[in-house]
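So that the names make sense, note that chain A is the first sequence line, chain B the second, and so on, each numbered from 1. Just so you know, these numbers use all the heavy atoms, side chains as well, and skip hydrogens, waters and symmetry mates. All values reported here derive from a predicted model rather than from experimental measurement.
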There are 2 protein chains.
Amino acid sequence: MAGSKGSKYYDIFLKYSLWLCTNEEKGIIDENIINLLKSIKKTGSLKSAADEIKISYRKAWGNIKDSENHLNFKLVEKQRGGKDGGHSTLTQDAETLINAFNELNAEFNTAINKITKKFFNKINN
Amino acid sequence: MAGSKGSKYYDIFLKYSLWLCTNEEKGIIDENIINLLKSIKKTGSLKSAADEIKISYRKAWGNIKDSENHLNFKLVEKQRGGKDGGHSTLTQDAETLINAFNELNAEFNTAINKITKKFFNKINN
DNA sequence: TGCAGACATGCAAATTAAAACATATCGACT
DNA sequence: AGTCGATATGTTTTAATTTGCATGTCTGCA
């Protein structure tokens, strides 16, 4: 889809989203959590990360907790107290998931492009 | 992901969803609408379709209206009055979208299987 | 040893989404 | 002409999410 000019389907595009979950549909690792994790890695704290991606600290904290509970392993190593009040870092598992997610997205992007090209010829005009 | 037994990532699965939208992220045709359209085709009315897929008539009607507005063409031909109070049928455009969506899903499914196979070996153990 | 500031968490308040409800319209068939 | 049941929509409730608030914990450092 999204192809030859003049077709009524010209400006329609195919999109997708990916997520990881445990068997019972639970423990979803979606783009939101991935972005949160990336921001934690970048900023060094859950709080700054929540601020950066503009969600409440309460929610950020709750989401991570939920994911960890469903996955049965930790994603974030959190430290309370200290000079700056505390800080957080990602576990190796979280890094693994981020990399996997990134690579999967890249692969899918390629796939989507191929599929799209193949289709718009058939659909339009 | 979701691969070799014994790995801590063993029961994590990759899921995805596809949708069609116009350039500005609007006019989303997702699996829900596709199912609604299929049900309208099968049952012959918006009302029976809404009942079948268990959403309110109000919502079904609103969703279709929104999609049509964003796409700028009609998906459903609706008839009021008459023996049975009224009925609805799909337009050719709706049929086209359903077929495209189905085929795109099939293509994507093939792609996801390939990509998944390629990945779980790398991720697990 | 007390302060600062992030982590931790329950709970109430606000926002958003969805369902229900209430009416009105339409038109082939009796 | 009157009926029946689906379409058409605005309005109101209800349910689900999020945010916001309050309060407490922890610990390196001045």
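Taking side-chain N and O atoms only, Lys65(A) has a distance below 4.0 Å to OP1 or OP2 of dT9(C). The side chain of Lys78(A) contributes an N or O atom lying less than 4.0 Å from OP1 or OP2 of dA8(C). For dA6(D), the OP1/OP2 oxygens have no side-chain nitrogen or oxygen of Ser48(B) closer than 4.0 Å.
Going from atom CG of Asn63(A) over to atom P of dC7(C) covers 15 Å, rounded to whole Å. Going from atom CG of Asp84(B) over to atom P of dC4(D) covers 13 Å, rounded to whole Å. In this entry the distance linking CD of Glu77(A) with P of dC7(C) reads 13 Å, nearest Å. Between the CG atom of Asn32(B) and the C1' atom of dA18(C) there is a distance of 13 Å, given to the nearest Å. Straight-line distance from the CD atom of Glu52(A) to the C1' atom of dA6(C): 17 Å, rounded to whole Å. Summarising the geometry, the separation between CD on Gln79(B) and P on dG5(D) is reported as 18 Å, rounded to the nearest angstrom. At whole-Å resolution of the value, CD1 in Ile40(B) and P in dA6(D) are 14 Å apart. Rounded to whole Å, atom C1' of dT9(D) lies 15 Å from atom CD of Glu68(B).
In this structure, of dT18(D), dC21(C), dC7(C), it is dC21(C) that holds the atom nearest to the side chain of Arg58(B). Checked against dA6(D), dA8(D), dA19(C), the side chain of Ser45(B) finds its nearest nucleotide in dA6(D). The side chain of Lys47(B) lies closest to dA6(D), out of dC11(C), dA19(C), dA6(D). Of the candidate nucleotides dT7(D), dA19(C), dC7(C), dT7(D) has the atom nearest to the side chain of Tyr57(B).
Residue Gly82(B) is classed as a base contact, given a heavy-atom separation below 4.0 Å to a base. Base contact: Lys83(B) has a heavy atom under 4.0 Å from a base atom.
Ranked by how close their nearest DNA chain D nucleotide is to the 5' end, Ser88(B) and Ile55(A) are led by Ser88(B).
Looking only at side-chain heavy atoms (C-beta outward), Leu46(B) and Ile64(B) come within less than 4.5 Å of each other. Residues Thr22(A) and Ile28(A) have side chains not in contact (no heavy-atom distance under 4.5 Å, counting atoms from C-beta outward).
One cannot find a donor-acceptor pair under 3.5 Å joining the base of dG5(C) and the side-chain atoms of Arg80(A).
Checked by atom type and distance alone, the side chain of Asp84(A) never pairs as donor or acceptor with a backbone atom of Gly86(A) at under 3.5 Å.
Between Phe108(A) and Phe108(B), the ring planes lie tilted relative to each other; the angle falls in the 30° to 60° range.
Here Glu107(B) does not pair with Lys114(A) in a salt bridge; the nearest charged N to carboxylate O distance is not below 4.0 Å.
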